[in-house]
Amino acid sequence: MWLLQSVRIADIKAHDGEDVTIRGWLYNKRSSGSIHFLIVRDGTGFLQTVAVRGEVPDDQFELCNNLAQESSIVVTGRIRADRRAVGGFEMSASSIELVQMSEDYPITLKEHGVDFLLDHRHLWIRNPRQHAALLVRHEIIAAAEDWLRNNGFIKVDAPILTPAACEGTTTLFETDYFGEKAYLSQSGQLYNEAACMAFGKVYCYGPTFRAEKSKTRRHLIEFWMIEPEMAYATQEDNLVVQEEFVSYIVQRCLANRREELITLERDLSKLECIVPPFPRISYDEAVELLNAEGREFEWGEDFGAPDEAVISMRYDKPVFVTSYPTKIKAFYMQPDPDRPEVVKCADMLAPEGYGEVIGGSERIHDFDLLKARMREHDLPEEAYGWYLDLRRYGSVPHSGFGLGIERTVAWITGSEHVREMIPFPRLLNRIYP
RNA sequence: UCCUCGAUAGCUCAGCGGUAGAGCAACCGGCUGUUAACCGGUGGGUCGCAGGUUCGAAUCCUGCUCGGGGAGCCA
């Protein structure tokens, strides 16, 4: 019964004046002859404990001389407010019990290189900044699921092993499925479309895999996506849902993870203004804008990262870029009936240059049109028979989108790189630890 | 795949033709209010790998390997 009896450092303020026991690890130590300052972490926070010679048993005081970083210890003592302690509270220790002595913990409090830290990711996640970012990630996922649940979406998960590509045929991880080829999922969307015809509003949350040789601060080989899909929803409905959804997530992080955002030195004013409605700009307007900025961009090309940055930097909220050319978008996107050369879609670009966090569209609901588009894209009809069925039995206009979790975490935490936004990143040529 | 930068002590780096350095970490000692504590001492390196130039290479040249940043690719 340790877990239930222990006090969590996160709740320490409620125990001012009480004797409590903390079960944790030694984050750092400062010693001064007859006094030791032990900074203990327990997974929920950090607490300075003070061990004074004479106030703890002598053998335990001597133990502190040799106590190494990340040794596991159980500390008991009285909690009291003290301005000299980071966090405003500290513990006067009465007993220090060693669980296991750590030896030569590799990650020191000084600077380290990226390669070294990634090789020690299993330990790096104990670091305060990494810890804070992953707590924000947790909040983002919880907030997203709460919003969807509260708005009538049913969680219907999609398979990871799939018989055919959801999108283009490049960049898939191939595996063997009892003698047949199978691929790791790139999106749960096609299955979501089936599910939304059964449940109305659905979502899936899971990992997706891209075998792209991308080496940028915005790309992971394995990343997580949350994908809502709605029957009888137009692209206009889709955009309203997206701005409500994303605003809720941001405001929840501000409310519940303010301390972590402060640890990460995030400028909170940049998040406080994230409320609906979000600005919208059409692809056509974006092209004009880029040319006005001197980037020589031709209609029909896809935006590169620098182009997205130019567009998003003009706004202090996420911006929707709508109506992309049909040619550069996925086969299932609904062409605009008045202008078939563009589709009813939108990418949501996060502010401050964080790039695309959402891609969404209205899907084609007409059987013949979908079949024609699949032929244009050379997709094997036999693998997509079930998908075409959805246009055969009660097809209706429907829309959906996918939110990339790690890019969203990077934006909300104000972080440089998505690799630190997931506990164990899979990167180009890196699958350890 | 392309451009670009890099690889020296456990870590972060300096040294850039004349036989290897610092800070931190480790270990020993000192200190009753530290905040990446501080002060003194000790140990620790085939200078990524393979060739070449040179009297002499961590240092210059070539190739390779690995990594960073960027581009491309990328709902």
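Residue numbers begin at 1 in each chain, while the letters A, B, ... track the order of the sequences.
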Check: With nearest nucleotides of RNA chain B determined for His417(A) and Phe303(A) from heavy-atom distances, which residue corresponds to the more 5′ nucleotide?
Finding: His417(A)

Checklist line | Spacing between Arg53(A) atom CZ and G33(B) atom C1', to the nearest angstrom | finding: 16 Å

Note to self: I'd like the P distance from U8(B) over to G67(B), given in whole Å.
What the structure shows: 15 Å

Next item on the list: Could you tell me if the ring centre of Phe297(A) sits under 6.0 Å from that of Phe303(A)?
Entry: yes

Next item on the list: Mind calculating the distance between NZ (Lys329(A)) and P (C73(B)) to the nearest angstrom?
Entry: 13 Å

Notebook entry, point to check: Do other residues, nucleotides or ligands put more than 12 heavy atoms under 6.0 Å from the CZ atom of Phe367(A)?
Noted result: yes

Item checked: Asn28(A), nearest nucleotide to its side chain (from A36(B), C74(B), G33(B)) -> A36(B)

Check: Is there a Watson-Crick or G-U wobble partner for C60(B) with both distances under 3.5 Å, and if so, which one is it?
Finding: G52(B)

Check: Roughly how far apart, to the nearest Å, are A9(B) and A50(B) at atom C1'?
Finding: 24 Å

Check: Considering residues at least two apart in sequence or located in another chain, which fulfil the side-chain hydrogen bond (donor to acceptor under 3.5 Å, both in side chains) criterion with Asp42(A)?
Finding: Thr44(A)

Next item on the list: Could you work out the separation of G33(B) and G69(B) based on their P atoms and round it to a whole Å?
Entry: 44 Å

Checklist line | Interatomic spacing from CG in Asp347(A) to OG in Ser312(A) - rounded to 0.5 Å | finding: 12.0 Å

Next item on the list: Classify the nucleic acid contact of Glu227(A) as base, sugar-phosphate or nothing, counting any heavy atom under 4.0 Å across all strands shown.
Entry: base

Next item on the list: Could you verify whether a donor N or O on one side chain and an acceptor N or O on the other, from Gln130(A) and Arg121(A), lie under 3.5 Å apart?
Entry: yes

Checklist line | Nucleotide C24(B), atom P - distance to CZ of Arg30(A) in whole Å | finding: 16 Å

Margin query: What's Arg419(A) touching, base or sugar-phosphate or nothing? Going by heavy atoms closer than 4.0 Å.
Written below: sugar-phosphate

Checklist line | Closest nucleotide among A71(B), U32(B), C28(B) to the Ala305(A) side chain | finding: A71(B)

Margin query: When both hydrogen-bonding distances must be under 3.5 Å and the geometry is Watson-Crick or G-U wobble, what is C38(B) paired with, if anything?
Written below: G30(B)

Notebook entry, point to check: If you check every side-chain atom of Phe37(A), which of A36(B), G33(B), C28(B) has the closest atom?
Noted result: G33(B)

Note to self: Taking atom types as they are modelled, would you say the side chain of Glu90(A) forms a donor-acceptor pair with the base of G33(B) within the 3.5 Å cutoff?
What the structure shows: yes

Check: Between Tyr183(A) and Phe209(A), does the ring centre distance come in under 6.0 Å?
Finding: no

Note to self: Taking only the P atom of each, what is the distance from C47(B) to A7(B) in whole angstrom?
What the structure shows: 14 Å

Check: CZ of Arg217(A) versus C1' of G68(B): gap in Å, rounded?
Finding: 11 Å

Check: Nearest heavy-atom pair of Leu26(A) and Lys29(A): which atoms, and what distance?
Finding: CD2-CB, 4.2 Å

Next item on the list: Calculate the interatomic distance between Glu420(A) atom CD and G68(B) atom P; express it in whole Å.
Entry: 12 Å

Next item on the list: Consider the side chain of Asn66(A), meaning its heavy atoms from C-beta on, and name the nucleotide among C74(B), G33(B), C28(B) that approaches it most closely.
Entry: C28(B)

Check: Of the options Arg80(A), Glu55(A), Arg78(A), which is the one that meets Ser92(A) in a side-chain hydrogen bond (donor to acceptor under 3.5 Å, both in side chains)?
Finding: Arg80(A)

Check: For RNA chain B, whose closest nucleotide is more 5', that of Glu416(A) or that of Ser31(A)?
Finding: Ser31(A)

Check: What is the nucleic acid contact for Met225(A), judged by heavy atoms within less than 4.0 Å: base, sugar-phosphate only, or nothing?
Finding: base

Item checked: G51(B) to A57(B) separation - C1' atoms, rounded to the nearest Å -> 13 Å

Checklist line | Separation between the C1' atoms of U19(B) and C24(B), rounded to whole Å | finding: 27 Å

Margin query: Which nucleotide, if any, forms a Watson-Crick or G-U wobble pair with C66(B), using both distances under 3.5 Å?
Written below: G6(B)

Item checked: Length of the line joining Asp104(A):CG and C24(B):P, which is rounded to integer Å -> 17 Å

Next item on the list: Could you tell me whether His120(A) contacts a base, only the sugar-phosphate backbone, or nothing, with contacts defined as non-hydrogen atoms closer than 4.0 Å?
Entry: nothing

Check: Rounding to a whole Å, what distance do you find between Asn65(A):CG and U32(B):P?
Finding: 12 Å

Margin query: Within 45 degrees of the ring normal and closer than 6.0 Å to the centroid, is that where the cationic atom of Lys329(A) sits relative to Tyr324(A)?
Written below: yes

Item checked: Counter-base of G21(B), judged by Watson-Crick or G-U geometry with both distances under 3.5 Å -> C13(B)

Next item on the list: Please report the closest heavy-atom contact between Asn192(A) and Glu227(A), naming both atoms and the distance.
Entry: ND2-O, 2.8 Å

Next item on the list: Please list, by residue number, the residues of residues 351-372 of chain A whose heavy atoms come closer than 4.0 Å to an atom of RNA chain B; answer none if no residue qualifies.
Entry: Glu356(A), Gly359(A)

Margin query: Looking at U46(B), which nucleotide sits across from it as a Watson-Crick or G-U wobble partner, both distances under 3.5 angstrom, or is there none?
Written below: none

Item checked: Pairwise distance CD(Glu308(A)) to CG(Asp302(A)) - rounded to 0.5 angstrom -> 8.0 Å

Margin query: Counting only Watson-Crick pairs (N1-N3 plus N6-O4 or O6-N4) and G-U wobbles (N1-O2, O6-N3), all under 3.5 Å, who is the partner of C74(B)?
Written below: none

Note to self: Using atom C1' in both nucleotides, what's the gap between G15(B) and C60(B) to the nearest angstrom?
What the structure shows: 16 Å

Next item on the list: Using a 4.0 Å heavy-atom cut-off, write out nucleotides 1-13 of chain B from 5' to 3' as B (base contacted by protein), S (sugar-phosphate only) or - (no contact).
Entry: B---------SS-

Checklist line | Separation of atom CG in Leu47(A) from atom P in U34(B), rounded to whole Å | finding: 18 Å

Item checked: G68(B) to G63(B) separation - P atoms, rounded to the nearest Å -> 22 Å

Notebook entry, point to check: Quick one: are the ring centres of Phe46(A) and Trp25(A) less than 6.0 Å apart?
Noted result: no

